[in-house]
Visitor: 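Structure incoming, see below.
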Protein chains: 2
Amino acid sequence: MSFPPKTDREAILRTALEIVETQGWAALSMRELARKLGLRASSLYHHFPDRNAIEEALGAKAASSLLLALKSSSTGLKGKEKLQALSIAYVEFASHSPALYHLIAAAPSSSDTHPEAKALWNLLLDSVSELTKQTDDTAAVVALWAFLHGYVALEAAGKFGPSGAKGGLDRGLSALLTGLTKKQNIL
Amino acid sequence: MSFPPKTDREAILRTALEIVETQGWAALSMRELARKLGLRASSLYHHFPDRNAIEEALGAKAASSLLLALKSSSTGLKGKEKLQALSIAYVEFASHSPALYHLIAAAPSSSDTHPEAKALWNLLLDSVSELTKQTDDTAAVVALWAFLHGYVALEAAGKFGPSGAKGGLDRGLSALLTGLTKKQNIL
DNA sequence: GTCTATAAAAGGATAGAC
DNA sequence: GTCTATCCTTTTATAGAC
């Protein structure tokens, strides 16, 4: 009796993503993953050294997806319009793939782990600095990123209640972009 | 041989908080909690029905602590100064008690679970509405809360790197407060 | 590459003695 | 109120057969 291949790295990652998006991170166990793939948990160790490797591969996928989404949302745009497009794409990515987003945003890491994290930062840095006319306007990036992440995180946690956030995103975004360009707020 | 009391609800909660703040939520097990208290895990069930009850009690404590900190930071203040004081107190609470803050902010609940959550929302709502001169300015509260939470969450995740957030809090806060009061950003 | 079998650890919870 | 003893469940991971 032979044992023909039943899966590969891609199928495992696809299934892992499905579990995580529908049932949350706690539900991602080797057993559950194997069950969905129609094989035994021990077989997974022939494709990934351990559970953590799966999570890391998922993280790399997530970071590059987000970066791609941001880039393609903003090509050809400039100034405030570019930042609005970036912001909308950011929020949409997070609400469409909350678990993947969580992996990117809540991971206890800075730019060290994935080169995409650095690229993401630079994308924001260039776009924001262009708007505020300050070179390397780190503080402004921090402010914008904080706002976007906070909105996404609170929304995902259901903190805005059933009635929803009601314009808080647009309101905050335009207030922030307006305020960041004002001179009195720079010093 | 008798078995004199070794603990009570307060000591248990205090110890649980200590574990959570120093080792994270994953480390809070009945066994570890009992070990730190110098007794057996089974004894804890005479004080709390189950692990979840401990977590809920901790959550109630956290929410009322935050509310108290916000209130006492802003009594007697008005307008932009009141909001700045509230914001600073919010951020300080979160950085001083990250695990407790996480319990408040990441819990998948709205105002239903704790009355403090509603009180917190109302405190922000009143203060923000006074500044923007709009009655029940929900969108502005959403914007401010998102910014504060995002800043705190990204900072806690180390996303701003070793160099730190470098003025991003002050910059964003003043930009946001300025921008939120402008008429063109309201409609 | 998948299988069975199993080790090993960790955690929640209960029964009944004292 | 705490103790010992125990059960049950879940999970990661490895060894060796096919």
Side-chain angles (χ1 to χ4, degrees), chain A residues 1-61 99-100 102-103 106-109 113, chain B residues 1-61 99-100 102-103 106-109 113:
Chain A
M1 198 165 175
S2 71
F3 297 100
K6 291 184 177 177
T7 194
D8 52 42
R9 287 180 63 99
E10 248 192 87
I12 290 172
L13 289 181
R14 206 182 325 123
T15 308
L17 179 57
E18 190 188 322
I19 291 172
V20 158
E21 290 295 5
T22 59
Q23 303 168 257
W25 282 101
L28 183 61
S29 69
M30 301 301 264
R31 280 175 157 76
E32 171 67 6
L33 186 48
R35 196 190 60 76
K36 282 223 172 193
L37 285 163
L39 39 69
R40 301 296 177 169
S42 60
S43 305
L44 295 173
Y45 291 86
H46 272 265
H47 302 275
F48 290 92
D50 54 30
R51 187 192 180 284
N52 203 263
I54 297 181
E55 213 166 302
E56 275 178 27
L58 230 44
K61 213 175 183 176
L100 271 195
H102 190 261
L103 189 56
S109 63
T113 40
Chain B
M1 199 164 177
S2 71
F3 297 99
K6 290 184 178 177
T7 194
D8 52 42
R9 286 181 63 100
E10 248 193 88
I12 290 172
L13 289 182
R14 206 183 324 121
T15 309
L17 179 57
E18 189 188 321
I19 292 172
V20 157
E21 290 294 5
T22 58
Q23 304 170 258
W25 282 102
L28 182 62
S29 69
M30 300 301 266
R31 283 175 158 80
E32 171 67 6
L33 185 49
R35 196 191 60 75
K36 282 223 173 193
L37 285 162
L39 38 69
R40 302 297 176 170
S42 59
S43 304
L44 296 173
Y45 290 87
H46 272 266
H47 302 274
F48 290 93
D50 53 32
R51 186 191 180 285
N52 203 262
I54 298 180
E55 212 166 303
E56 275 177 26
L58 231 43
K61 213 175 184 177
L100 271 195
H102 190 261
L103 189 56
S109 63
T113 39

Visitor: Looking at residues 33-58 of chain B, who's got a heavy atom less than 4.0 Å off DNA chain D?
Guide: B:Leu39, B:Arg40, B:Ser42, B:Ser43, B:His46, B:His47

Visitor: Identify, with sequence neighbours excluded, every residue that meets side-chain hydrogen bond (donor to acceptor under 3.5 Å, both in side chains) alongside A:Glu55.
Guide: A:Arg51

Visitor: Heavy atoms within less than 4.0 Å of DNA chain C: which residues of residues 13-26 of chain B have one? Give them sorted by number.
Guide: none

Visitor: Within the 4.5 Å heavy-atom criterion, are B:Val20 and B:Leu103 side-chain neighbours or not?
Guide: no

Visitor: Starting from the first five and the last five pairs of the helix from C:dG1-D:dC18 to C:dC18-D:dG1, work out the angle between the resulting helix axes, to 10 degrees.
Guide: 0°

Visitor: Only pairs under 3.5 Å count here: list side-chain donor-acceptor contacts from residues 8-16 of chain A, not counting sequence neighbours, and write none if there are none.
Guide:
residue, atom, partner, partner atom, Å
A:Asp8, OD1, A:Glu10, N, 3.1
A:Asp8, OD1, A:Ala11, N, 2.8
A:Arg9, NH1, A:His47, O, 3.4
A:Thr15, OG1, A:Ala11, O, 2.8

Visitor: Kindly give the heavy-atom pair with the smallest separation between B:Ala41 and B:Met30, and that separation in Å.
Guide: CB-O, 3.9 Å

Visitor: Could you tell me which non-hydrogen atom of A:Asp50 sits nearest to which non-hydrogen atom of A:Tyr45, and how far apart they are?
Guide: CA-CE2, 4.1 Å

Visitor: So how far is it from A:Leu33 CG to A:Thr7 OG1, rounded to the nearest 0.5 Å?
Guide: 8.0 Å

Visitor: Return the value, rounded to whole Å, for the distance between atom CZ of B:Arg31 and atom C1' of C:dA9.
Guide: 10 Å

Visitor: Could you pull out the closest heavy-atom pair between A:Glu21 and A:Ala99, with the gap in Å?
Guide: OE1-N, 3.1 Å

Visitor: With sequence neighbours left out, write down each residue that passes side-chain hydrogen bond (donor to acceptor under 3.5 Å, both in side chains) with B:Glu32, or none if nothing qualifies.
Guide: B:Arg35

